[in-house]
Amino acid sequence: MSPRLFAVAADTEEVLRLLLGAHLDRIRAGRALPSLARYCREAAAGTAGVHRIAFAVDSYDELRTQLEAACAGEVGRVPSHVTARRPGLVFVFAGQGAQWYGMGRELLAQEPVFREALLRCDRLIGEFAGFSAVEQLKLPAGKARLDELDVLQPTMVSLQIALTALWRSWGVTPDAVVGHSMGEIAAAHTAGGLTLRDALKVACRRSALLRRISGKGALATTELSPAEAQAVAEASGGGISVAGENSPRSTVLAGDSDSLAALVGKLEAKDVYCRVIKGTVASHSRYVEELREDLHEALRTVVPAPTRLPMYSTVTAEPVRDAGLGAAYWMRNLREPVRFAAAVEHLSDAGHEVFLEVSAHPVLLSPMRQTLEHGERQGWLLPSGRRRAELRSMLTSLGTLYACGREPNWAALFREEGPDALTPYQAAVLEAARRPRPVPVAARL
């Protein structure tokens, strides 16, 4: 059975408790229950208020268990005052590292909006790169070419664009966007700075050129602070440079294989995490300089537009200005260090508190958490997908977004269920729960 989102709300905590208890009694009784999808649709559509709770469930048994925990106060909740002020939402587009064999298949099979968006991207990939991303996603691990950079990156960008389309169909739209390295392509399209055609052109042509520097350098992820990473780079005599600052205690270094291998050994002796990243090229370093002229020529027909919502650049850590996403920007995106931690800090300073990672599997939640905690900032960090639990992961995050004040498009979410009225029992429960409660005499004096 496909997972569903059960969500209810009320104007007061007391009424919410009554609603939850009424739903629990109904499910325990088990008489004439409709389909789980219909039950969840009617529960969500029939309530409103800032006291909210939601969770993804696969069956009535799981719904009963979740309701029992909620009635016992054992479920974590977003405070109602947070719901009321509806904190700013950021879509965070990951770079490489989120991929897994089998990604996208569940959503392709079950979500028409996702499928149609991916097919639109697929047609452009066929034009620019001569392969089908949809076909690659469906192939078994031994036959798929997702280990090839110029296949993987356009496919991942397409997945992110399709995930964004699905979120939007559910009524979830960002107040700002940010992208990590390759993730800036989908972020730029989402913000309105690139057309779909230009976004896929950048993804395909950029990744094709990167194949030329395969084997000329490598990347390593470390638990060094940005200052420590910079000190290592300065001491290397040019063999190592800082390629990215993901958080106050997570950085990426670029360099030749020998220098990085020596660094791994040195840091391991000090019990500091450092690992060479397999299957990548030394982007965000001097190794991409030889691609500068060819990349500019490959992207000279890209026509950027001013973004319609803030896109915080991880090249500058500031909002992109004007129509600043032309060919020159994408060279900077490829050559300069990824300033992800600084961008997250600036987004938080601007009042954004909810960060939704748009990727096939979360890889940036931990760096974002470290960044927010380091600055004693508040935030809710959510994934858009997890290995072998794509739809459930999205629904769980949608439940948290609902609790954070977002208003889902219930009709789109439960599209296969007709707009039938509530059952008489459910209507009576809702009416009783909404009716004003008597105020004790002492409270009126």
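Here the structure is a predicted model, which means the values were calculated and not measured.
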(message) Check this for me, if you would: do Arg275 and Glu268 make a salt bridge, where the nitrogen-to-carboxylate-oxygen distance has to be below 4.0 angstrom?
(response) yes
(request) May I ask you to test the Thr190-Phe93 pair for a side-chain heavy-atom distance under 4.5 Å? (result) yes
(request) Decide side chain to side chain contact (heavy atoms under 4.5 Å, CB included) for Gln99 and Leu146; before the verdict, give the C-alpha distance in whole Å, the side-chain angles of both, and the deciding distance to 0.1 Å. (result) CA-CA 9 Å; Gln99 66 269 19; Leu146 293 175; over 6 Å; no
(message) Quick one, Val281 and Val288 - any side-chain contact, counting heavy atoms below 4.5 Å?
(response) no
(message) Assess whether a salt bridge exists between Glu42 and Arg4, defined as any Lys/Arg side-chain N lying under 4.0 Å from an Asp/Glu carboxylate O.
(response) no
(request) Kindly say whether Leu295 contributes a backbone atom to a donor-acceptor pair with the side chain of Arg205 at under 3.5 angstrom? (result) no
(message) When you compare the side chain of Leu159 with that of Leu137, does any pair of heavy atoms fall below 4.5 Å?
(response) yes
(request) For Gly97 and Val363, work out which heavy atoms get closest and say how close. (result) O-CG1, 3.5 Å
(request) Heavy atoms only: give me the nearest Gln136-Phe131 pair and the separation to one decimal. (result) CG-CD1, 4.0 Å
(request) Please name the pair of heavy atoms, one in Val178 and one in Ala343, separated by the smallest distance, quoted to 0.1 Å. (result) CG2-CB, 4.0 Å
(request) Return yes if some donor-acceptor pair links the side-chain N/O of Asn409 with the main-chain N/O of Ala411 below 3.5 Å, else return no. (result) yes
(message) Donor-acceptor check, side chain of Glu135 to backbone of Ala133, threshold 3.5 angstrom: yes or no?
(response) no
(message) Considering only residues two or more places apart or on different chains, which pairs with a residue in residues 341-366 satisfy salt bridge (Lys or Arg N to Asp or Glu O under 4.0 Å)?
(response) Arg85-Glu353, Asp349-Arg377
(request) Please list all pairs passing the salt bridge (Lys or Arg N to Asp or Glu O under 4.0 Å) test where one or both residues lie in residues 233-261, with sequence neighbours left out. (result) none
(request) Applying side-chain hydrogen bond (donor to acceptor under 3.5 Å, both in side chains), name anything that partners Ser397, two or more places apart in sequence or on another chain. (result) none
(message) Do Thr400 and Trp380 pair up side chain to side chain, a donor and an acceptor below 3.5 Å, judged on atom types alone?
(response) no
(request) Would you check if the side chain of Arg286 reaches a backbone N or O of Gly238 as a donor-acceptor pair within less than 3.5 Å? (result) yes
(request) Please assess Leu267 against Glu223 for the test side chain to side chain contact (heavy atoms under 4.5 Å, CB included), listing each intermediate value before the final yes or no. (result) CA-CA 10 Å; Leu267 292 180; Glu223 289 184 353; over 6 Å; no
(request) With sequence neighbours excluded, tell me which residues meet ring pair (Phe, Tyr, Trp, His ring centres under 6.0 Å) with Tyr101. (result) none
(message) Once ring-ring contact (aromatic ring centres under 6.0 Å, His included) is applied, what residue pairs with a partner in residues 297-341 remain, sequence neighbours excluded?
(response) His180-Phe340
(message) Can you pull out every salt bridge (Lys or Arg N to Asp or Glu O under 4.0 Å) where at least one residue sits in residues 94-110? Sequence neighbours excluded, please.
(response) none
(request) With rounding to the nearest 0.5 Å, note down the distance linking CZ in Arg335 to OG in Ser285. (result) 6.5 Å
(message) Within the 4.5 Å heavy-atom criterion, are Val202 and Leu325 side-chain neighbours or not?
(response) no
For residues 111-121, tabulate all N or O donor-acceptor pairs below 3.5 Å that involve a side-chain atom, not counting sequence neighbours.
from   : atom 1 : to     : atom 2 : distance (Å)
Glu111 : OE1    : Arg415 : NH1    : 3.4
Arg115 : NH1    : Leu108 : O      : 2.5

(request) Identify, with sequence neighbours excluded, every residue that meets ring pair (Phe, Tyr, Trp, His ring centres under 6.0 Å) alongside Trp410. (result) Tyr402
(request) Taking the side chain as every heavy atom from C-beta outward, state whether Arg388 and Trp100 have any pair of such atoms under 4.5 Å apart. (result) yes
(message) When you measure from the side chain of Thr251 to the backbone of Leu224, do you find a donor-acceptor pair of N or O atoms at a distance under 3.5 Å?
(response) yes
(request) Mind checking the OG1-CD spacing from Thr280 to Gln96? Nearest 0.5 Å is all I need. (result) 7.0 Å
(request) Using salt bridge (charged side-chain N to carboxylate O under 4.0 Å, His left out) as the criterion, list what pairs up with Asp11, not counting sequence neighbours. (result) none
(message) I need the full list of salt bridge (Lys or Arg N to Asp or Glu O under 4.0 Å) pairs touching residues 140-162, with sequence neighbours left out, sorted by first then second residue.
(response) Arg145-Glu148, Glu148-Arg211, Asp150-Arg211
(message) Please check: side-chain N/O of Ser348 versus main-chain N/O of Val344, any donor-acceptor pairing under 3.5 Å?
(response) no
(request) Look only at the side chain of His284 and the backbone of Asn333, and say whether a donor-acceptor pair between them is shorter than 3.5 Å. (result) yes
(request) Flag the pair Leu364 / Phe355 as yes when at least one side-chain heavy-atom distance between them is below 4.5 Å, and no otherwise. (result) no
(request) Determine the minimum heavy-atom distance between Val57 and Cys40, stating which atoms define it. (result) CG2-SG, 4.5 Å
(message) Once you measure the plane-to-plane angle for Phe6 and Tyr39, does it fall in the parallel (<30°), tilted (30-60°) or perpendicular (>60°) bin?
(response) parallel
(message) Taking Ser313's backbone N and O only, do any of them form a donor-acceptor pair with Glu184's side chain (distance below 3.5 Å, no angle check)?
(response) no
(request) Test side chain to side chain contact (heavy atoms under 4.5 Å, CB included) on Gln110 and Glu390 and set out the steps. (result) CA-CA 11 Å; Gln110 298 190 37; Glu390 293 181 313; over 6 Å; no
(message) Assess, by modelled atom type and distance only, whether the side chains of Ser247 and Gln370 contain a donor and an acceptor separated by less than 3.5 Å.
(response) yes
(request) Please report the closest heavy-atom contact between Pro87 and Arg406, naming both atoms and the distance. (result) O-NH2, 3.0 Å
(message) Looking at every non-hydrogen atom in both residues, tell me the closest pair between Ala98 and Ala360 and how far apart they are.
(response) O-CB, 3.6 Å
(message) I'd like to check Thr371 versus Pro248 (side-chain heavy atoms, cut-off strictly below 4.5 Å). Are they in contact?
(response) yes
(request) Give a yes or no on whether the backbone of Ala203 and the side-chain of Gln153 come within a donor-acceptor separation of less than 3.5 Å. (result) no
(request) Kindly indicate, with the supporting measurements, whether the criterion side chain to side chain contact (heavy atoms under 4.5 Å, CB included) is fulfilled by Met182 and Arg206. (result) CA-CA 9 Å; Met182 175 198 76; Arg206 174 185 184 275; 4.1 Å; yes
(message) Counting C-beta onward and ignoring hydrogens, is there a side-chain heavy-atom pair between Leu398 and Leu413 closer than 4.5 Å?
(response) yes
Would you give me the side-chain donor-acceptor pairs under 3.5 Å for residues 296-306, sequence neighbours excluded?
from   : atom 1 : to     : atom 2 : distance (Å)
Glu297 : OE2    : Arg300 : NE     : 2.6
Thr301 : OG1    : Lys201 : NZ     : 2.7

(request) Please confirm whether the backbone N or O of Leu194 pairs with a side-chain atom of His189, one donor and one acceptor, at under 3.5 Å? (result) yes
(request) For Glu228, check salt bridge (charged side-chain N to carboxylate O under 4.0 Å, His left out) against everything at least two apart and list the hits. (result) none
(request) State which residue, out of Val134, Leu163, Leu196, Ile125, fulfils the side chain to side chain contact (heavy atoms under 4.5 Å, CB included) condition with Ser158. (result) Ile125
(request) Starting at OG1 of Thr396, measure out to CG of Leu5 and round the result to the nearest 0.5 Å. (result) 8.0 Å
